[in-house]
Amino acid sequence: YEIVSRDWSSDVCSSDLYATAPVGTGKTLVPAGSVSDGNGGANYDVTFANADTGSITPATLTVTPDAISVSYGDPEPAYPFSVTGFVHGETVGSATGYVAPTCGSAYTDATSVAGSPLTIACGGGVNPGTAGSAADYEFSYATADLTVVPAAVTVTATRTPVEPVSGDTLRASATFTAPGTVTGSVRFDLYAGDACAGDPIDTETGPIVTGEATTPTGYPGATDGWYSRISTYLGDTDHDTAATTCEGFRVRKVATSTK
């Protein structure tokens with residue numbers, strides 16, 4: 001809060017100090033100085049007079065929200081932000097009258113992946129959130145993006161018949177646990193052996209209808225032995241791909257009676 005000036009023609013160096021520091025107009029300037037005239041200042045009779053023309057304008061605090069990524073269907077997140085621009089060692093805890101702003105966006109748990117990114121803004125007014133305030137500062141607000149990514153999906157597969165015997169047609173179906181409505185299709189891979197190894201002996205893709213997908217035709221005429229299956233959800237705009245773990249099962253011989 002010091003203004004320094006020098007009159008080189010008279011070798012008078014003066015400085016003006018504000019009587020008080022806070023922001024405002026009509027501030028009293030208190031001058032002081034010295035004379036370098038080679039004669040210890042004896043060549044000049046200097047009088048310093050106060051002036052009430054000083055003005056201290058607010059420093060600017062910049063509020064910058066963090067970029068955020070959420071999964072489709074998540075609840076509205078918190079909106080963290082940083083504040084920079086404090087002067088004279090002040091902080092959010094010491095600046096006179098500091099009230100923190102808040103930030104926000106138009107996000108809801110129904111916002112789709114295609115509907116993002118959304119703008120995170122702060123400060124209220126035409127922006128989301130509320131304005132910040134501090135005695136000696138004004139606020140400037142930056143923006144950031146909120147991005148929605150596809151949600152995770154849990155696939156639950158069911159096979160029929162549950163205890164197959166030779167000659168049966170092996171079928172499968174899948175249901176899903178996920179936010180929103182899961183759409184798209186499921187690939188059903190059937191393997192010989194119990195470890196889902198090698199190439200599948202049968203692959204079928206079934207569309208999801210009212211939350212469930214099934215094998216369109218199934219694998220007919222199974223012989224006795226071990227089989228295994230993986231069911232893979234192929235994803236949609238708002239949901240990520242997902243697969244079941246490998247499930248092994250036994251097809252048994254048809255029981256015969258002896259006389």
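Shown here for Tyr191 and Ala197, the closest heavy-atom pair between the two residues is CD2-O, 3.5 Å. Taking every heavy atom of both residues into account, Gly206 and Ala213 meet most closely at O-CB, 3.7 Å. Residue Val148 comes nearest to Ser112 through the heavy atom pair CB-O, 3.9 Å, listed as atom of the first residue, atom of the second, then distance. Summarising the geometry of Pro164 relative to Arg159, their closest heavy-atom pair is CD-NH1, 3.8 Å, with the distance given to 0.1 Å. Pro128 approaches Ala121 most closely through the heavy-atom pair CD-CB, 3.5 Å. The two atoms that bring Pro65 and Ala142 nearest to each other are CD-O, 3.4 Å, heavy atoms only.
Glu90 and Tyr98 are not linked by any side-chain donor-acceptor pair at a separation below 3.5 angstrom, with hydrogens and angles left out of the test. Side chains of Thr203 and Asp189: a donor on one and an acceptor on the other come within 3.5 Å. In this structure, a donor-acceptor pair under 3.5 Å is absent between the side chains of Thr175 and Glu212.
Using a 4.5 Å heavy-atom threshold, the side chains of Phe176 and Thr156 count as separate. Contact annotation: the side chain of Val251 approaches that of Leu170 to within less than 4.5 Å [non-hydrogen atoms, C-beta and beyond]. In this structure, Leu146 and Pro77 have side chains that are in contact, with non-hydrogen atoms separated by less than 4.5 Å. Put simply, the side chain of Thr215 reaches to within 4.5 Å of the side chain of Arg229, judged on heavy atoms. With a 4.5 Å cut-off on side-chain heavy atoms, Tyr107 and Asp74 count as touching. A heavy-atom distance below 4.5 Å is found between the side chains of Pro220 and Thr169. Taking 4.5 Å as the limit, some side-chain heavy atom of Ile68 sits within range of a side-chain heavy atom of Ile120.
A distance-only check finds a donor-acceptor pair linking the side chain of Asp238 to the backbone of Val113 [under 3.5 Å]. Within the 3.5 Å criterion, the main-chain N or O of Ser231 finds a donor-acceptor partner in the side chain of Thr244. Between the side chain of His239 and the backbone N or O of Leu234 there is no donor-acceptor pair closer than 3.5 Å. Listed for the Asp236 side chain is a donor-acceptor partner under 3.5 Å among the backbone atoms of Thr183. In this structure a side-chain-to-backbone donor-acceptor pair under 3.5 Å is present from Ser228 to Gly193.
Follow the hydrophobic side-chain contacts under 4.5 Å out from Val182 and you never reach Tyr72; the two are in separate clusters. Linking Ile, Leu, Val, Met, Phe, Trp and Tyr residues whenever their side-chain heavy atoms come within less than 4.5 Å places Phe81 and Tyr137 in a single cluster. When hydrophobic clusters are built by joining Ile, Leu, Val, Met, Phe, Trp and Tyr residues whose side-chain heavy atoms come closer than 4.5 Å, directly or via intermediates, Val92 is grouped together with Tyr141. Side-chain heavy atoms closer than 4.5 Å link hydrophobic residues (I, L, V, M, F, W, Y) into clusters, and following such links, possibly through other members, connects Tyr219 to Phe249.
To the nearest 0.5 Å, atoms CG (Asp202) and CZ (Phe188) are separated by 11.0 Å. In this structure, OG1 in Thr245 is found 8.0 Å from CD1 in Ile230, a value given to the nearest 0.5 Å. Remark: Ile201 CD1 to Tyr227 OH distance equals 5.5 Å, nearest 0.5 Å. Within the model, atoms OG1 of Thr111 and CD of Glu76 stand 9.0 Å from one another, a figure rounded to the nearest 0.5 Å. To the nearest 0.5 Å, the span separating CZ on Phe86 from OG on Ser94 amounts to 7.5 Å.
A side-chain contact (heavy atoms from CB on, under 4.5 Å) with Ser116 is found for exactly one of Thr147, Asp145, Val149, namely Thr147. Across Asn127, Leu61, Val63, a single residue satisfies side-chain contact (heavy atoms from CB on, under 4.5 Å) together with Pro101, and that is Val63.
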| query | So Thr217 and Glu204, side-chain contact (heavy atoms from CB on, under 4.5 Å) or not? Walk me through it. | reply | CA-CA 8 Å; Thr217 59; Glu204 297 183 71; 2.8 Å; yes
| request: With side-chain hydrogen bond (donor to acceptor under 3.5 Å, both in side chains) as the test, would you mind laying out the steps for Thr102 and Thr130 before giving the verdict? | output: CA-CA 5 Å; Thr102 61; Thr130 57; 2.7 Å; yes
